[in-house]
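Computed from a predicted model, the values in this text were never measured in an experiment. Chain letters run A, B, ... following the sequence lines, proteins first, then strands; residues in each count from 1.
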Amino acid sequence: MGVSIRPLLEGCRHPVGFADIPGVAAIDANNALYQFLSIIRQADGTPLQDTQGRVTSHLSGLLFRTAHFLENGIMPLYIFDGSPPVFKARTIAGRRGIRQAGEERWAEALERGDTDGAYRAAMQSTRVDGAILSSGKRLLDALGVPWMVAPSEGEAQSAHFVNSGIATYSVSQDYDSLLFGASVLIRNLTVSGKRRIGGRQVTVSPERISLSEFLDTLGITREQLIRIGILIGTDFNEGIHGIGPKKALKIVRDGRFSGVMEEKAPDTDPEPIMEFFLSPPVIDEYQPEWKPPDSDSLMKILCDEYGFSPERIRPVLERIDGPQKGQQSGQMRLDAWG
DNA sequence: CGCATAGA
DNA sequence: TCTATGCGG
């Protein structure tokens, strides 16, 4: 999932709180849905679902997190993936294989009563399908929160909006938006500061990453950062076995990128990948609009349709329907936050 | 994940 | 006030 440049970010990951980052958050919607689906599960891996067996984990996650954003002056703009580039096909096929293996291991773990193993396998089986996407979009509509489908990668569109001023920062767990040029990336933007990794509870805090600071710290350009990504592997190519972030940094600094690619990955043409990161298909003109939440629709969708308890939903609606009325409802001017 | 509740 | 735990759908 995404490019693994984490070890290079030492010293560039600055802790932030919700209150520190008012503005328009360009959220990688597929990434957010994936996180909710993989994590919001019972101990044995069973996701939240209604009486008909439809999964509802993502609706719970979206609702509570979006409410928290709005309460803190963060204006969410959800950006969904459009058509992947052709060279992502291998990655997509690989993920399908991982999911299928996860499903099988989940069933096996349940059979032998291995709850922890079942949970981990269930996470691996996570899939963002059409039903998840459409129900998520309907919930966002009822919340009055804007969303769009990018022409191609959502992270690319997020980066474009951040750099054109439509958004203040990009929100994702992946680092890809940095390769796409997003000037600011916020990770771990969760309410509780808790995350389950490999079935274990870990405390993580929201962090802000500035692309320019990151590049300056390493003394490289964005083109060089993309070359590092290509060496270690991106969503669009496999990467070279035995080369991690540290080695890749050295290779790129030494100007040996092309040589190493030709020698170790002769079948991969880095040019289209480089080109895709530098100028991906994106939409330029877009005016996000935040509306007051439609409480009736929200109750109808969540409680009538998906079986959420009204007692759990009502307090959330009161939180987002009161304080921000007038201030944040209606059309927002982009310069509201400078 | 995020919320409510319980116990320190 | 804080941390641990269970539940939600």
Side-chain angles (χ1 to χ4, degrees), chain A residues 1 15-19 21 25 27-72 74 76 78 102 106 110 115-116 118-129 131-136 138-140 142-143 145 171-174 186-207 293 297-323:
Chain A
M1 294 296 287
V16 288
F18 271 76
I21 49 172
I27 301 168
D28 181 353
N30 291 73
N31 183 265
L33 291 177
Y34 181 86
Q35 302 281 343
F36 290 140
L37 289 172
S38 70
I39 289 159
I40 303 180
R41 292 173 183 273
Q42 290 174 256
D44 68 352
T46 309
L48 301 189
Q49 47 197 313
D50 67 8
T51 49
Q52 300 173 46
R54 297 178 299 191
V55 172
T56 56
S57 297
H58 61 301
L59 299 178
S60 179
L62 262 186
L63 174 75
F64 289 113
R65 186 177 294 179
T66 302
H68 204 73
F69 282 165
L70 293 172
E71 282 182 300
N72 283 274
I74 297 173
Y78 285 88
W106 185 13
L110 282 178
T115 306
D116 288 357
Y119 187 94
R120 285 194 298 272
M123 288 180 85
Q124 299 261 300
S125 77
T126 298
R127 173 172 150 69
V128 177
D129 63 16
I132 298 293
L133 290 169
S134 59
S135 53
R138 283 181 64 216
L139 180 62
L140 291 175
L143 282 164
V145 166
V171 173
S172 178
Q173 281 306 109
D174 292 345
I186 308 278
R187 298 183 67 251
N188 304 332
L189 196 53
T190 63
V191 175
S192 63
K194 294 263 198 286
R195 177 170 294 275
R196 282 215 283 244
I197 297 167
R200 306 237 166 276
Q201 283 271 358
V202 183
T203 304
V204 292
S205 55
E207 60 189 27
S297 294
L298 287 167
M299 294 301 284
K300 234 175 248 170
I301 294 171
L302 291 170
C303 303
D304 299 350
E305 209 173 318
Y306 288 106
F308 282 69
S309 153
E311 290 71 32
R312 250 169 82 79
I313 302 305
R314 261 194 291 271
V316 184
L317 301 191
E318 278 163 33
R319 280 197 282 148
I320 58 178
D321 197 24

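For residues 29-63 of chain A, the set of pairs meeting the ring-ring contact (aromatic ring centres under 6.0 Å, His included) definition, not counting sequence neighbours, is empty.
Remark: A:Arg127 engages no residue in a salt bridge (charged side-chain N to carboxylate O under 4.0 Å, His left out) (not counting sequence neighbours). Taking A:Thr126 as the reference, A:Arg41 meet the side chain to side chain donor-acceptor pair (under 3.5 Å) condition, with sequence neighbours excluded. For A:Ile21, the side-chain contact (heavy atoms from CB on, under 4.5 Å) criterion is met by A:Val16, A:Ile74, A:Tyr169, A:Ile186, A:Leu189, not counting sequence neighbours. Residues that satisfy the side-chain contact (heavy atoms from CB on, under 4.5 Å) test with A:Ala67, not counting sequence neighbours, are A:Val316, A:Arg319, A:Ile320. With sequence neighbours excluded, no residue forms a ring-ring contact (aromatic ring centres under 6.0 Å, His included) with A:Phe64.
Rounded to a whole Å, the CD atom of A:Glu71 is 12 Å from the C1' atom of B:dG2. Rounded to an integer number of Å, the gap from A:Asp44 CG to C:dG6 P is 14 Å. Between A:Tyr119 atom OH and C:dC7 atom C1' the separation is 13 Å, expressed in whole Å. At whole-Å resolution of the value, CG in A:Leu37 and P in B:dG2 are 14 Å apart. As rounded to whole Å, 16 Å separates atom C1' of C:dG9 from atom CZ of A:Phe36. In this structure, A:Leu62 atom CG and C:dG9 atom P are separated by 16 Å, rounded to whole Å. For the pair A:Gln52 CD and C:dG9 C1', the interatomic distance rounds to 12 Å; values are reported in whole Å.
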Without placing hydrogens or testing angles, list every side-chain donor-acceptor pair under 3.5 Å for residues 47-55 of chain A, not counting sequence neighbours.
residue: A:Gln49; atom: NE2; partner: A:Pro47; partner atom: O; Å: 3.4
residue: A:Asp50; atom: OD1; partner: A:Gln52; partner atom: N; Å: 2.9
residue: A:Asp50; atom: OD1; partner: A:Gly53; partner atom: N; Å: 3.0
residue: A:Asp50; atom: OD1; partner: A:Arg54; partner atom: N; Å: 2.8
residue: A:Asp50; atom: OD2; partner: A:Arg54; partner atom: NE; Å: 2.7
residue: A:Asp50; atom: OD2; partner: A:Arg54; partner atom: NH2; Å: 2.9
residue: A:Arg54; atom: NH2; partner: A:Glu305; partner atom: O; Å: 2.8

Got a list of protein N/O to nucleotides 3-7 of chain B N/O distances below 3.5 Å?
residue: B:dC3; atom: OP1; partner: A:Arg319; partner atom: NH2; Å: 3.2

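At the phosphate of C:dG9, neither OP1 nor OP2 sits under 4.0 Å from any side-chain N or O atom of A:Thr51.
Judged by distance alone with a 3.5 Å cut-off, no donor-acceptor contact links the side chain of A:Glu311 to the base of C:dG8.
At least one side-chain heavy atom of A:Leu302 sits under 4.5 Å from a side-chain heavy atom of A:Leu139.
A:Ser309 comes within contact range of the sugar-phosphate backbone alone, with a heavy-atom separation under 4.0 Å but no base atom that close.
Near DNA chain C, meaning a heavy atom under 4.0 Å from it, residues 27-34 of chain A has no residue at all.
Panel note: side chain A:Ser57, backbone A:Ile40; a donor-acceptor pair is recorded below 3.5 Å.
With C:dG9, C:dG8, B:dG2 as the candidates, the nucleotide lying closest to the side chain of A:Ile40 is C:dG8.
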